[in-house]
Amino acid sequence: MQRIGVFVCHCGSNIAAAVDVKQVAETLKNEPNVVFAADYPYMCSENGQQLIRNAIKENQLTGVVVCSCSPRMHEATFRKTAEESGLNPYMVEIANIREQCSWIHKDRMTATAKAVVLGRAAIAKVRLNAPLTAGESPVVKRALVIGGGIAGIQTALDIAEAGYPVDIVEKKPTIGGKMAQLDKTFPTLDCAACILTPKMVEAAQHENITLYTYSEIEEVKGYVGNFRVKIRKKARYVHEDLCSGCGVCTQKCPSRKGGNEFNLSLDKRGAIYIPFAQAIPNVPVIDTEQCLKFKTGKCGLCQMNCAAKAIDFSQQDEIVEQEYGAIVAATGFNPISLDKFGEFGYQTYPDVVTSLEFERILNAAGPTKGHLERPSDGKPPKTLVFVQCVGSRDTSGRGKEYCSKICCMYTAKHAMLVREKYPDTEVYVFYIDVRTPGKNFDEFYRRAVEQYGVHYIKGMVGKVYDDGAGHLMVRASDLLANEQLTISADMVILAAATEPDKTARSLATMLTASMDTNDFFTEAHPKLRPVESPTAGVFLSGFCQGPKDIPETVSQAGAAAVKVIGLLSKNKLKSNPCVARSDSLVCSGCSNCEKVCPFGAITYTEAEVNDGTGKEIRRIAVVNEAVCHGCGACTVACPSGAMDLKGFSSNQIFAEVDAICR
Amino acid sequence: MQITKTIKKLVSEGKADRVFGWKKGELGFDTEPALFTEDFDSVVYNSLCGANLCKYMINETKKDGTVLLLLKPCDSRGLQLLTKEHRVRREKIYALGVPCRGKIDVDKISDKGIKGMIDIQENGDTLTVVTLYGEQTVPRQDVLYEKCLSCVGKEHVGCDEVLSPELSEDTTVNDRFAGVTALEEKNPEARFAFWRSQLSKCIRCNACRNVCPACSCVKCIFDNPSSGMDSKANADDFEENLYHIIRSFHVCGRCTDCGECSRVCPEKIPLHLLNRKYIKDIHKLYGDGDEAALLTFTKDDAEPSVVYERGEGHA
Amino acid sequence: MRKLSSDRMSELFERLDSLCPLYLPGEKDGAVSFVRYEQGVDYAVGALNTVRSAKDFFFPQVENIAAFRMTGKKIEILENQNGNEPFVVFGVRACDAASFSLLDQVFLSEPVDPYYRDRREAGTVITVACGEPDTSCFCTAFGIDPAEPKGDISVWLTDGFLYWQPRTDKGENLTENLTDILEECDGGEIKSYQDTIKTIANQLPLANLNLSYWENTDEKEIFASPVWDEIYKGCLGCGLCTFVCPTCQCYDVRDFDCGETVRKFRCWDSCMYSDFTRMAHGNPRKTQKERFRQRFMHKLKYFPENNGGLVSCVGCGRCVRSCPQGLNIVKTARRVSDD
Amino acid sequence: MPMNENGEFTPLIVAFCCNWCSYAGADLAGSGRLAYPAEVKIIRVPCSCRVNPTFILRAFQKGADGVILAGCHPGDCHYSTGNYYTRRRMTLLFSMLEYLGIEKERTRVEWISAAEGAKFAATMNDFAAKIHELGECKRLEDLRCK
Amino acid sequence: MTETLIPMIGVITDIRLDTPDVKTFRVVGRDGKKCFSHLPGQCAMLSVPGIGEAMFSITSSPTNKDYMEFSIKKCGCLTDWLHAMEVGQEILIRGPYGNHFPVESELKQKNLLFIAGGIGLAPLRSVINYCRDNRNDYGVLDIVYGSRSKDDLVDYREILEEWTADERTRVHLTIDRPQDGWDGHVGFVPDFVRELAFDTDKTVLLCGPPIMIKFTLQKLLEMGFAKTQIYTTMELRMKCGVGKCGRCNIGSKYVCKDGPVFRFDELDELPDEY
């Protein structure tokens with residue numbers, strides 16, 4: 001049986017003007033279990049709090065009800081007050097008689113009567129309150145960044161700089177990601193490699209950063225502060241620690257059939273290769289699909305020529321287990337496959353390329369050494385047609401409904417670069433809208449139009465075809481002129497829509513992080529918590545959360561790093577004690593609660609229970625209190641009522657309802 | 001009998017060591033669920049085997065060994081649900097689907113004024129009812145259970161083996177949702193009167209709950225004094241409403257529409273009309289995917305105001 | 001004995017209802033139950049038995065016992081006004097009428113249950129002989145004669161006439177008020193009607209239920225019978241059989257918080273329910289087997305032991321008809337005794 | 001029927017408000033002194049998805065005349081997905097209540113953000129007006145509580 | 001006897017903390033008098049509206065004409081509530097229920113051996129004090145009482161100050177495990193009973209947790225006691241208290257009416273379902 005104290009605040013005249021506070025205190029004093037009731041001008045003042053503290057001690061109160069302003073205002077204050085007198089802070093309930101009573105009801109009788117009812121509801125609730133203690137769990141002071149593109153690198157660097165060890169896991173043989181494949185960056189036109197490679201080197205050399213390249217996440221267990229991750233280091237067949245990066249092996253390799261991924265297969269590479277000159281680590285990898293040694297058992301030229309004895313055909317995948325306090329997803333993006341967009345002839349005509357391919361064509365380290373040559377015959381193109389929104393903003397179901405965000409700007413960049421280097425070309429850009437909301441973006445676009453004379457045509461390309469004489473013809477509509485156009489083009493460059501990397505989906509499952517229908521990671525709150533996933537301890541960096549350009553990616557990467565640093569700086573995590581709790585005697589183990597939990601806080605275990613009819617092994621739900629946020633979705637999904645929410649238990653809410661409806 | 005042969009074969013092959021099926025009852029026309037460890041010749045399967053056996057598996061699979069379970073098409077969906085919700089150990093069951101051409105509701109025969117019934121013989125589409133006063137014939141279709149007349153389908157799901165599926169017959173004559181639609185078309189006062197009249201007959205015997213394959217909770221909230229919801233008796237009309245509203249809500253998205261609730265009700269309350277209302281709404285609002293409707297969502301689901309905006313007497 | 005032409009039955013009902021509230025079997029939404037008589041309510045003459053038994057009149061499913069108000073440390077008892085206004089039930093069958101004497105054994109033995117007693121005193125029972133006992137009937141196994149039902153007044157409904165025989169003072173008193181419409185007769189007319197009933201009753205498949213094993217075997221021995229391990233298997237653990245049974249009388253006493261007051265009420269309970277005997281630290285009847293056994297041991301063994309051999313069953317056949325899984329007392333009694 | 005001193009029907013309305021949006025919206029209505037009837041009594045829940053249909057039925061049992069749930073706008077849930085479940089649960093439940101003949105205007109779900117103090121007050125005013133129109137709730141009451 | 005199911009109001013006039021989880025409550029009617037008279041071993045139903053109702057042994061002796069006492073262990077909703085009560089609180093009480101120890105017949109002039117474990121002393125205390133108050137009607141009283149620890153011995157003060165004062169009463173205390181400040185016997189009750197090697201001329205009254213009863217009975221039988229010499233009292237899910245609600249039966253016997261006091265030979269005839 002509780003001993004409850006009721007404290008009615010005047011809030012100066014804020015409450016007292018509309019509510020007869022003395023009467024409220026007196027009426028509530030007659031409620032069962034109430035042993036003390038008082039009113040005071042400012043309950044939140046030091047004197048008011050002292051009044052509460054004294055009353056708790058003198059009356060051995062086990063529960064406190066404060067009738068005052070909104071709990072959103074002073075619940076924390078009064079909980080602390082109670083704690084100072086040795087009462088569990090969760091034995092305090094607030095009756096909101098200011099915002100929800102005195103401020104909105106003018107009639108004194110009405111407001112007083114309502115204040116009494118609200119007080120009664122709070123008393124009814126506190127009668128069923130139980131002391132709650134916030135759980136604590138230690139924090140492993142190490143972070144994992146999944147993805148080694150600019151987002152991952154930046155996040156890792158920022159975390160490492162703050163003094164915490166951080167591991168980057170990259171599935172490709174090198175870090176660098178998409179940005180490494182870019183030629184110039186908009187709107188400044190500085191060289192991507194020039195600004196990225198120093199960061200790559202920095203990441204590689206940082207004492208707090210460990211790189212796991214050519215590696216994938218195998219398994220994620222645990223929860224915020226205590227993730228246990230298995231990383232699969234795929235066999236490179238080259239020992240990283242022995243390899244000097246001389247590159248002799250790559251030259252000696254007789255196989256030359258492998259498409260060079262870095263150049264999007266616009267040229268070929270050996271079976272043993274370093275993705276690109278500035279790759280980090282600068283260690284080759286063997287493509288077993290192409291390698292003669294693997295295919296036929298004969299060859300081994302590379303091994304013979306390796307002075308460092310780094311090549312090992314018998315190397316196996318290796319599983320590394322590591323514990324982390326926080327995980328950052330930075331899995332990036334890819335252009336979509338254009339299989340469904342036959343009208344652009346991408347599959348048919350070699351001179352129809354994607355923007356990313358074009359990026360490589362323009363790049364000095366690319367397949368054409370930076371000379372603008374068309375893939376079919378290596379001749380310099382004279383007429384170039386850029387098509388925007390290929391698959392973006394597409395509601396037909398073939399592409400993506402969202403805007404890929406970066407295409408308008410890189411197309412302007414490409415057009416501008418072409419026109420600057422090759423003034424004798426004609427460049428057309430077909431667009432639905434040109435979107436330039438960014439610093440110096442619209443200026444950049446206008447330069448393309450005004451200074452470089454790029455022909456921007458509002459309209460969509462209907463078909464790219466061969467006129468029979470070996471000329472690519474582009475049929476399009478000009479919506480502004482309201483006419484059909486046919487342009488004979490030497491090259492067509494398609495701004496393919498972007499999509500999250502395919503591996504993100506399985507990763508999200510492992511992380512129990514939610515994804516939207518486009519497979520972008522969902523943020524914990526779209527406005528207020530954009531770099532956190534709803535799963536505690538999992539953070540989002542870069543394109544995997546939504547389309548972003550480089551500066552946005554870098555700023556989000558930094559933001560994610562700050563969140564990680566904030567988490568890792570704690571020695572222990574205090575969890576919200578108002579979390580779900582499963583009654584093992586009642587739980588049927590049906591898994592319904594697990595299915596609605598947005599945080600993956602519920603797992604199942606086979607446990608021995610005895611509900612009075614004998615011992616039995618049952619499958620029962622277990623709530624991980626460190627992961628549960630206390631939303632209560634599970635409590636309604638549970639038909640047996642085994643799942644309840646501490647601090648907002650069903651019986652407490654019933655009691656409130658009963659008190660209000662009395 | 002084909003079933004007996006199959007059972008004996010499966011048991012001899014070690015697929016199962018006991019059988020859950022039906023056996024003949026005390027009268028010529030009743031059957032009862034039973035466990036057989038031997039004497040498989042006394043396993044009975046005929047048109048009088050209306051009971052759904054899948055829920056017995058909750059207790060049965062706690063024991064050692066494998067049970068051979070006879071399942072009608074509608075029962076197989078119940079077993080699927082129990083499996084999905086981890087309420088049975090599926091690996092301890094050999095699920096043998098048996099054909100179904102609808103089951104006979106003995107009460108419907110009585111309702112025809114036939115008294116002193118002592119046996120029922122089935123000849124194709126005609127039943128011969130043997131009574132103290134002589135024999136009478138009844139068209140089989142006339143006396144099928146309500147649940148069989150609006151059957152979801154005769155396809156077994158998730159069985160290890162289905163015996164002679166070609167012997168199953170579609171018995172559906174009514175649109176499954178016709179009863180729901182008819183009620184929806186009434187005005188709220190008429191609906192209220194209908195349900196108040198029906199539900200006030202309830203004696204809270206809990207047969208509907210205890211037979212329901214979706215009501216498989218270890219402890220029902222209505223029986224749990226600490227749930228704050230326990231209500232054992234029909235102490236008030238409200239309790240009836242509460243019990244049936246909440247029970248239907250708890251099986252919402254999980255109900256397999258096997259019709260057992262209505263079959264077992266001694267007061268003949270059409271409880272399936274509650275469950276089917278949810279099923280109909282789910283189909284209409286969320287499509288008829290197999291995932292439980294309350295355990296998932298889409299971002300553009302209908303707002304609760306669709307109910308509010310619906311006109312009176314909507315269909 | 002008196003009689004009345006069948007076409008004047010509604011007149012009789014009108015008269016009875018004008019004397020005090022009359023209840024009789026009527027159909028409601030496809031199920032027959034005792035309903036309050038009013039104009040437009042048809043007597044379900046063809047229905048053999050109501051879904052629920054007539055015990056509800058004396059031992060209702062729920063009844064308020066008292067209410068309490070708590071203020072501070074004080075408790076106030078608000079006595080419950082349990083109405084014991086006179087009422088008449090028409091159409092009770094011989095089996096249900098016999099069940100009352102079994103219930104009397106429980107509720108009218110010391111200490112007397114005042115709620116039951118009051119209702120018993122207030123109610124006048126008019127029984128109706130069963131013209132056509134049906135397959136599920138086996139009242140004759142308990143010495144009950146469906147052709148000669150007990151009660152305050154017995155009624156026979158033959159072709160064309162209603163025959164009326166008061167049996168108790170209460171019955172006589174009621175008949176006094178009806179002499180103007182009930183004409184005197186000698187009762188010889190019903191003899192052949194009764195003979196037909198007896199002939200049918202003797203042919204019924206369950207009527208030959210033999211309980212000698214139960215009478216002559218020690219309770220521990222029956223209790224330990226291995227048959228129990230098998231026959232409960234189909235039992236759902238619902239309370240259907242207990243709630244429709246005219247002789248089941250287990251109850252629970254509970255509180256309901258109405259806000260201002262707390263109401264204490266009594267409601268039916270079922271020994272088939274898993275929580276019937278649950279205590280804080282365990283349950284002596286752990287599985288459905290024990291609960292199932294308890295129900296039949298009680299009816300067929302414990303009750304007779306405590307009540308001079310009276311079996312707590314009247315053969316109404318409700319459990320035979322309504323058990324969803326086809327279990328019932330006849331089946332159990334026979335299988336345990338290997339009959 | 002509960003009446004005020006003027007003989008007007010004073011209904012009882014229970015409002016379940018999620019802590020993060022609607023309860024804050026109610027606070028904002030308060031600071032803006034936007035009046036709504038005192039018969040609306042708010043119960044704070046962490047998320048609208050905490051509201052069990054049994055709470056709603058309990059309120060009606062104990063004599064409430066209307067029950068309203070208020071939560072974050074879909075997509076804005078503090079717990080990201082809670083109100084999506086609320087939406088499905090309540091849509092189906094309300095449809096069932098209507099099917100049982102309970103006046104559908106007695107139950108409502110509204111999405112009210114922390115910034116929508118005015119919407120909170122307007123919603124409560126509108127809901128209360130509707131309940132005034134409907135009068136006392138007879139169909140889901142428990143006679144023992146009257 | 002109060003009317004079936006309708007309780008009367010009792011007032012708590014004294015609360016004594018016996019052990020960390022056992023309190024003894026003194027109850028009188030509103031008029032300050034004892035609510036009803038009873039016999040040793042009988043029970044009463046105590047309840048609090050909205051909280052619950054349960055059967056408790058009346059621990060005070062019928063010879064006490066002023067009030068009744070109940071020693072109650074905290075173990076659930078109702079008992080939690082009762083433990084939080086203060087003096088002056090009203091509760092509901094009805095009774096007395098059940099049979100009683102045959103103090104006026106079989107037990108008369110006998111040497112009695114009381115064996116209790118933990119809260120099991122509560123029902124026996126009524127008999128012990130009854131015998132002490134009618135001292136000439138009974139022979140030697142041996143009381144074997146054991147508990148988990150010294151602090152868990154109910155009525156410890158009364159035992160020390162009053163019971164031991166009588167020379168024809170011998171108290172044998174034991175606790176389960178050694179403890180500072182305890183120089184008495186250490187060990188479990190069944191073994192202690194065996195060690196004490198009582199003559200079999202005594203009539204035994206045995207009460208305690210089921211496991212203790214089981215083993216003590218075994219030892220007693222080994223020592224040569226007959227089942228007809230041993231009484232116990234049972235507690236079993238009682239609700240109505242008058243043998244009508246149907247849940248407390250063991251075979252054909254109702255614990256609330258035909259019990260709670262049983263002789264072991266009587267229990268032997270009943271099905272083993274308790």
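Chain naming here is simple, since letters A, B, ... match the order of the sequence lines and numbering starts at 1 in each. Values below: all heavy atoms of this structure, side chains included; hydrogens, waters and symmetry mates excluded.
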Enquirer: So do the side chains of B:Arg191 and D:Glu98 get within less than 4.5 Å of each other, counting heavy atoms only?
Expert: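 B:Arg191 vs D:Glu98: side chains touch.
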Enquirer: Run B:Leu242 and D:Leu140 through side-chain contact (heavy atoms from CB on, under 4.5 Å) and show every step you take.
Expert: CA-CA 9 Å; B:Leu242 179 83; D:Leu140 276 178; over 6 Å; no
Enquirer: Is any NZ, NE, NH1 or NH2 atom of the basic residue among B:Glu189 and D:Arg139 found under 4.0 Å from an Asp or Glu carboxylate oxygen of the other?
Expert: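 Yes, this pair counts.
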Enquirer: Would you say the side-chain atoms of D:Tyr99 pair up with the backbone N or O of B:Leu273, donor to acceptor, closer than 3.5 Å?
Expert: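 Yes; judged by distance alone, with no hydrogens or angles, the pair exists.
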Enquirer: If I measure from the heavy atoms of chain B, does D:Lys130 come under 4.5 Å with its side chain, its backbone, both, or neither?
Expert: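 When you check distances to chain B, only side chain atoms of D:Lys130 fall under 4.5 Å.
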Enquirer: Test side-chain contact (heavy atoms from CB on, under 4.5 Å) on D:Leu92 and B:Leu294; report intermediate values, then the result.
Expert: CA-CA 9 Å; D:Leu92 289 169; B:Leu294 287 179; 3.8 Å; yes
Enquirer: Which bit of D:Pro74 is near chain B, if near means a heavy-atom gap under 4.5 Å: side chain, backbone, both or neither?
Expert: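 The answer is the side chain of D:Pro74.
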Enquirer: If I measure from the heavy atoms of chain B, does D:Leu69 come under 4.5 Å with its side chain, its backbone, both, or neither?
Expert: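 Nothing of D:Leu69, per the 4.5 Å heavy-atom cut-off to chain B.
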Enquirer: In Å and rounded to the nearest 0.5 Å, what is the CG to OG distance from D:Leu100 to B:Ser248?
Expert: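 Atom-to-atom, D:Leu100:CG and B:Ser248:OG are 7.0 Å apart.
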Enquirer: Would the distance check show the side chain of D:Arg89 and the main-chain N or O of B:Phe249 forming a donor-acceptor pair, the cut-off being under 3.5 Å?
Expert: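 Not a single qualifying donor-acceptor pair exists.
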Enquirer: Nearest 0.5 angstrom please: D:Arg87 CZ to B:Ser305 OG, how far?
Expert: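 If we round to the nearest 0.5 Å, D:Arg87:CZ and B:Ser305:OG are 10.0 Å apart.
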Enquirer: Using a 4.5 Å cut-off on heavy atoms from C-beta on, say whether the side chain of D:Ser95 contacts that of B:Lys277.
Expert: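 Yes, side chains in contact.
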Enquirer: If you look at every heavy atom in B:Ala302 and D:Thr91, which pair is closest and at what distance?
Expert: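 Nearest heavy atoms, B:Ala302 then D:Thr91: O-OG1, 3.7 Å.
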Enquirer: With side-chain contact (heavy atoms from CB on, under 4.5 Å) as the test, would you mind laying out the steps for B:Ile245 and D:Leu93 before giving the verdict?
Expert: CA-CA 9 Å; B:Ile245 297 172; D:Leu93 177 72; 4.2 Å; yes
Enquirer: List the steps and the verdict of side-chain contact (heavy atoms from CB on, under 4.5 Å) for D:Trp111 and B:Glu303.
Expert: CA-CA 10 Å; D:Trp111 312 123; B:Glu303 290 291 326; 2.4 Å; yes
Enquirer: Looking at D:Thr86, D:Val109, D:Ile102, D:Leu57, which makes the most heavy-atom pairs under 4.5 Å with chain B?
Expert: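 Result: the option with the highest number of such pairs is D:Leu57.
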Enquirer: Has D:Arg88 got its NZ or CZ under 6.0 Å from the middle of the six-membered ring of B:Phe297, at an angle within 45 degrees of the ring axis?
Expert: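 So D:Arg88 doesn't make the cation-pi contact.
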Enquirer: Has B:Arg90 got more than 12 heavy atoms of other residues, nucleotides or ligands less than 6.0 Å from its CZ?
Expert: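 Check passes, neighbour count above 12.
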Enquirer: Would you say that D:Glu103 contacts B:Pro188 through its side chain, given a criterion of any heavy-atom pair below 4.5 Å between the two side chains?
Expert: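 Side chain of D:Glu103 against side chain of B:Pro188, heavy atoms only: no contact under 4.5 Å found.
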